[in-house]
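The structure appears right after this line, and notes come after that.
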Amino acid sequence: MAITSLGILGGGQLGSLLSSAAKKLNIESVIYTNDKDSPAKNYSDQFIYGKFDDENKINEFLDKVDLVTFEFENIPINTLNYLSKKKDVKPKPEVNKIVQNRLSEKIFINSNKIKTTDYCEVKELSNLLNNEKLIPGILKTCTMGYDGKGQIRLNNLNNIQNLKIDFTKNYILEKIIDLKKEISIVLTRFGKDDFQIYEPIENIHKNQILRYSKIPANINDEIKSQAKTWASLIAEKLDHIGTLCVEFFIDKNNNLYVNEIAPRVHNSGHLTINAYNVSQFENHIRAVCGLEKLKLKKINDAEMTNIIGKDILEYRNKIFSKNEFFFDYLKKEVKENRKMGHLTKIKY
Ligand code: ADP
Ligand code: MG
């Protein structure tokens, strides 16, 4: 059955850009979000605001769509299971189950003989005190973290009691890597052993928030090929359908580690809109809706800068040259450390 109406869970910048890509493919987008001010309202064909456990609202959403996908992985698993009983959900909820939790995510990655940072599970203070070897480290909540939220850097364990860590939540403690570089691989999986892989993207973070991405990444061929192999193995083992991103660390000795998996389109892949013939968003929609897979072709090298907080005000009045592409997410409220838009520059 041809998909004419695509349901998207989540209404942020990624949902907005997915909606725009759907429009280009003549597919109607229906956003479901628990944030009534979310920006995808400006880009989607239909917009439903409701809590993820509001069965009536969810049913209303289901009635309008042929298929469900999502822009972020942290949707309650019960909601995803409920949806998938009524309509296809792609990627499937089992993918979210693994990736929603940093601990099960790391166990999954390591079980495929792929390297991650050293880490331990933290349920109580003694788990920290017994893992001095992971210091300096970062304590991360197992669930719901993004843009560095839910993370505490621990340079030593002195005065650890004073930090008043909330042990009603579960954490992992990760050893800090002496970073040389961060890269990501964005790919779209259409089916068994059927991939399109974008070239590695080099990323710069500031205060744990992505600031800047570029292609080509300045890395050697060995790392390039290892990163692609690991990212496709991860997508294959998850039996993921659609676009997926794997974030990597490279340390000062050129060791490669998987940092985390985003089973969805990703901020570092925004430059694919202008640098490739098919963007990560369009490819996601093509894969989940069973549309034709076009031959992927890079048109230009590119770099992307995230516009954070009140910087957006200045960009809104700027005049851009013809190799610059400004995206305003039209978020209602300007907040410090909030991603408000981005600028992609292509290089001729
Ligand atoms: P989020 O889910 O918030 O993106 P990440 O685990 O990707 O969380 O952390 C955000 C950023 O913080 C990373 O991209 C990296 O710059 C830095 N960071 C996180 N963990 C480590 C680590 N173990 N060693 C060095 N830097 C880290
Ligand atoms: Mg990250």
Side-chain angles (χ1 to χ4, degrees), residues 10 12-14 70-75 95-96 98-110 114-122 128 131-157 169-186 200-214 217 219 227 230-231 234 243-270 280 304-306 308 335-339 342:
Q13 45 153 320
L14 299 170
F70 52 83
E71 64 140 23
F72 76 119
E73 56 276 30
N74 290 321
I75 298 140
V95 171
N96 299 64
I98 295 170
V99 172
Q100 276 180 358
N101 185 299
R102 292 191 195 273
L103 184 63
S104 55
E105 182 183 33
K106 286 240 182 342
I107 292 169
F108 162 77
I109 297 166
N110 292 150
I114 295 172
K115 193 151 64 179
T116 60
T117 55
D118 290 336
Y119 71 94
C120 73
E121 185 179 6
V122 175
L128 285 174
N131 281 288
E132 185 107 45
K133 61 179 188 298
L134 298 175
I135 301 294
I138 303 185
L139 189 68
K140 302 182 178 181
T141 50
C142 282
T143 56
M144 297 304 276
Y146 70 97
D147 287 348
K149 291 189 174 62
Q151 301 193 9
I152 311 174
R153 190 186 163 115
L154 298 176
N155 291 325
N156 56 61
L157 292 175
K169 291 183 188 154
N170 287 339
Y171 300 85
I172 58 166
L173 173 63
E174 246 185 68
K175 182 138 182 93
I176 288 197
I177 302 238
D178 196 5
L179 286 176
K180 176 173 170 185
K181 239 179 233 308
E182 294 188 65
I183 59 166
S184 55
I185 298 281
V186 173
I201 302 161
E202 183 169 337
N203 301 315
I204 294 176
H205 292 77
K206 226 157 95 192
N207 303 328
Q208 285 138 308
I209 301 176
L210 181 70
R211 290 297 161 125
Y212 173 85
S213 298
K214 71 162 185 181
I219 52 173
W230 279 354
I234 285 169
T243 295
L244 171 145
C245 174
V246 179
E247 297 177 13
F248 296 87
F249 295 145
I250 302 168
D251 73 10
K252 296 269 157 62
N253 297 319
N254 268 342
N255 293 305
L256 184 68
Y257 307 80
V258 167
N259 169 26
E260 60 175 351
I261 305 165
R264 51 165 170 84
V265 290
H266 191 264
N267 189 177
S268 66
H270 285 359
Q280 62 163 353
M304 182 227 53
T305 305
N306 270 338
I308 315 258
K335 275 197 214 156
E336 199 187 349
N337 285 337
R338 186 178 217 192
K339 292 170 178 168
H342 72 268

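In listed order, ligands and their atoms are each counted from 1.
Closest approach between the Mg ion (ligand 2) and any N/O/S atom of Glu247 involves OE1. Glu260 contributes OE2 as its N, O or S atom closest to the Mg ion (ligand 2).
A donor-acceptor pair shorter than 3.5 Å cannot be found between the side chains of Gln13 and His342. In the model, Ser213 has a side-chain atom that pairs as donor or acceptor with a side-chain atom of Asn203 under 3.5 Å.
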Once you restrict both partners to nitrogen or oxygen, which atoms of ligand 1 have a protein partner under 3.5 Å, and how far apart are they?
residue  : atom   : partner : partner atom : Å
ligand 1 : 2 (O)  : Arg102  : NH2          : 3.0
ligand 1 : 2 (O)  : Glu260  : OE1          : 3.3
ligand 1 : 2 (O)  : Glu260  : OE2          : 3.0
ligand 1 : 3 (O)  : Asp147  : N            : 2.9
ligand 1 : 3 (O)  : Gly148  : N            : 2.6
ligand 1 : 4 (O)  : Glu260  : OE2          : 2.9
ligand 1 : 6 (O)  : Arg102  : NH1          : 3.4
ligand 1 : 6 (O)  : Lys140  : NZ           : 2.6
ligand 1 : 6 (O)  : Asn259  : OD1          : 3.4
ligand 1 : 7 (O)  : Glu247  : OE1          : 3.2
ligand 1 : 7 (O)  : Asn259  : ND2          : 2.8
ligand 1 : 7 (O)  : Glu260  : OE2          : 2.8
ligand 1 : 8 (O)  : Gln151  : NE2          : 2.9
ligand 1 : 9 (O)  : Gln151  : NE2          : 3.4
ligand 1 : 14 (O) : Glu182  : OE1          : 2.6
ligand 1 : 14 (O) : His205  : NE2          : 3.3
ligand 1 : 16 (O) : Glu182  : OE1          : 3.4
ligand 1 : 16 (O) : Glu182  : OE2          : 2.5
ligand 1 : 20 (N) : Lys140  : NZ           : 2.9
ligand 1 : 23 (N) : Glu174  : OE1          : 2.9
ligand 1 : 23 (N) : Lys175  : O            : 2.9
ligand 1 : 24 (N) : Ile177  : N            : 2.9

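Between Phe248 and Trp230, the ring planes are parallel. Angles under 30° get that label, and only those over 60° would be called perpendicular.
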Would you be so kind as to tabulate the donor-acceptor pairs closer than 3.5 Å made by side chains of residues 173-180, with sequence neighbours excluded?
residue : atom : partner : partner atom : Å
Glu174  : OE1  : Thr117  : OG1          : 3.2
Glu174  : OE1  : Lys140  : NZ           : 3.3
Glu174  : OE2  : Lys106  : NZ           : 3.1
Glu174  : OE2  : Lys140  : NZ           : 2.9
Lys175  : NZ   : Lys133  : O            : 3.1
Asp178  : OD1  : Lys252  : NZ           : 3.1
Lys180  : NZ   : Asn254  : OD1          : 2.8

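For Asn155, the side-chain hydrogen bond (donor to acceptor under 3.5 Å, both in side chains) criterion is met by Arg153, not counting sequence neighbours. Partners of Glu182 according to the salt bridge (charged side-chain N to carboxylate O under 4.0 Å, His left out) rule, which considers only residues two or more places apart in sequence or in another chain, do not exist here.
Counting heavy-atom neighbours within 6.0 Å of Lys149 NZ, excluding the residue itself, gives a total above 12.
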